[in-house]
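All ligand and atom numbering here is 1-based and tracks the order in the structure. Note: hydrogens, waters and symmetry copies are ignored here, and every other heavy atom, side chains too, is used.
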Amino acid sequence: MELKEKLDKIRQSFNEKIEKVENLEDLEKIRIEFFGKKSEVIEVAKNIKNFSESEKPLAGKYINELKNELLEIFENKKNNIDENKKDIQNDLFDISVSGKKFAIGNLHPITKVMREVVEIFERLGFGIAEGPDIESDYYNFTALNFPEEHPARDMQDTFFLDAFDKDNNKPFLLRTHTSPVQIRFMNEHSPPFQIISPGSVYRCDSDVSHSPMFHQVEGLAIGENITFANLKWVLIEFIHKMFGIDIKARFRPSFFPFTEPSVEVDMSCVICSGKGCRICKNTGWLEILGAGMVHTNVLNNVGYDIDKMQGFAFGMGIERIAMIKYQVNDIRLFFENDIRFLKQF
Ligand code: DAH
C-alpha cells in the first residue's frame with residue numbers, strides 16, 4: 001500500500017532526525033516539522049478523504065498509530081534532555097555540586113590579649129614605641145643598670161648570637177625583655193611622655209610556665225612630677241579594666257636593676273577571689289607584673305637631668321596574663337598550634 005510506504009518514510013526520517021537532537025531548540029524544530037499544521041503527517045491525514053470507504057478505517061488506523069508512536073518518542077526525548085546538565089558539563093563547572101565550606105579562623109589567644117592590653121593603655125593616653133628583637137648588650141643590660149656580673153647576662157638565660165657587636169666588644173643577643181626599648185626611646189625623645197612597648201622576647205628556658213619566646217608589654221612614663229602614686233593608679237586601673245573592678249592589687253617590694261624602688265604587683269586570685277585555691281597556690285594572690293621608679297642611673301645613661309626628671313616603668317608578660325585570663329595551666333599550649341586548643345578563644 002502506497003500509504004504504508006509513505007508512513008514508513010516519515011517514521012524513518014523522524015527517527016533519524018530526533019536521534020541527533022541534543023537540545024530543546026532542535027527538538028522544537030522536530031515538533032513543528034512532524035506535528036505542526038503543515039507537517040507531512042497532517043498532509044497524509046487530510047488525504048484520507050480520497051480513499052475508498054472500505055480503505056478509510058485502516059488508513060486512519062495506520063496514521064493514528066504512527067502519530068502516537070512518534071509522539072511517544074518525542075516525549076521521551078524531551079524528558080531525557082536536561083539542558084542545564086549538558087551546558088554545565090560543557091563548561092566543566094557544575095553549579096549543582098554543593099559548595100566547600102571554608103573554616104573561619106580566629107585570632108590567636110596571645111594576639112587577643114596583647115591587643116586588649118595595648119588598647120587599655122592607649123585609652124589611658126600611652127603612645128606605642130617599638131624596638132628590635134636583636135639587641136646589643138648595651139641596650140639590653142648595661143644601659144639598664146645591670147652590673148657586669150649580673151646573672152641575667154648569663155649564657156643560661158640569654159640567647160647570644162654569632163654576630164659580634166664591635167661597639168660593645170660583645171656578641172649581639174636576642175632581647176630578654178622589652179625594657180631596652182625604654183633606652184632607645186629616651187635617647188630620641190625629651191620628656192614628658194608615656195609609652196608602652198609591646199613585643200617578643202627570648203630566654204633560654206622551657207617548662208610549663210616558661211617558653212623560649214614569649215611576649216611582654218613594657219611601660220614608661222617620664223616627666224617632672226611623676227610619682228609612685230601615678231604608677232599605682234595606672235596599674236590598678238589596668239588590672240580593673242583587664243580583669244574586673246572587684247580585683248584587688250598588692251604592691252610588694254622587689255628588685256630590678258633599672259628601677260628604685262622596685263615592686264612586684266599581685267592581683268587577687270580571679271578563681272577564688274582571694275580565698276586560696278590551686279591556681280594561686282593557696283595564697284589568694286597572683287603575681288602579674290614588675291614595676292618601679294626609673295633608676296637615676298638609667299636616667300643618667302640617657303642624659304636626662306635627674307634633678308628635674310623622674311618617672312615610672314613597668315613590664316608584664318602577655319602569656320602570664322593570658323594564662324590567668326583563660327585559665328590555661330601550660331604555657332606551651334599557646335605555641336603547639338593545636339587547632340582544637342586555639343579554636344576555644
Ligand atoms: N624587664 C622585666 C622582666 O623582664 C620586667 C620589668 C620589671 C620591667 C620592672 C620594668 C620594670 O620596666 O620596672 O622581668
**Request:** Name the orientation class of the two ring planes belonging to F35 and F74 (parallel below 30°, tilted from 30 to 60°, perpendicular beyond 60°).
**Result:**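 Ring orientation, 0 to 90° scale: perpendicular.
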**Request:** May I ask you to check if ligand 1 and A313 share an N or O to N or O distance below 3.5 Å?
**Result:**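 Looking only at distances, the answer is yes, because the N/O contact criterion of under 3.5 Å is met.
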Could you list the atoms of ligand 1 found under 4.0 angstrom from a heavy atom of [X]?
X: G290; result: 7 (C), 9 (C), 11 (C)
X: Q216; result: 3 (C), 4 (O)
X: G292; result: 13 (O)
X: S179; result: 1 (N), 8 (C)
X: T259; result: 13 (O)

Within the 6.0 Å centroid threshold, strictly below: [X] and [Y]:
X: F159; Y: Y202; value: no
X: F314; Y: F238; value: no
X: F341; Y: F334; value: yes

**Request:** Considering only non-hydrogen protein atoms, determine which one is nearest to atom 12 (O) of ligand 1 and report residue, atom name and distance to 0.1 Å.
**Result:**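 Among all protein heavy atoms, the one nearest atom 12 (O) of ligand 1 is E218 OE2, 2.6 Å.
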**Prompt:** Which residue holds the protein heavy atom closest to atom 2 (C) of ligand 1, what is that atom called, and what is the gap in Å?
**Reply:**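 Checked against all protein heavy atoms, atom 2 (C) of ligand 1 sits closest to F258 CZ, 3.9 Å.
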**Message:** Using a 4.5 Å cut-off between side-chain heavy atoms of Ile, Leu, Val, Met, Phe, Trp and Tyr, which other residues end up in the same hydrophobic cluster as F214?
**Reply:**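 Members besides F214, by chain and number: V201.
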Please check: side-chain N/O of [X] versus main-chain N/O of [Y], any donor-acceptor pairing under 3.5 Å?
X: S262; Y: F255; answer: no
X: H215; Y: E319; answer: no
X: T158; Y: F160; answer: no

**Request:** Using a 4.0 Å heavy-atom cut-off, say whether R203 meets ligand 1 through its side chain, its backbone, both or neither.
**Result:**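 It is the side chain that gets close, since no backbone atom is under 4.0 Å.
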**Asked** Is Q182 touching ligand 1 with its side chain, its backbone, both, or neither, if touching means heavy atoms under 4.0 Å apart?
**Response**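 Side chain only.
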**Asked** Considering only heavy atoms, which of E264, E260, M293, H177 lies nearest to atom 1 (N) of ligand 1?
**Response**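 Heavy atom nearest to atom 1 (N) of ligand 1 belongs to H177.
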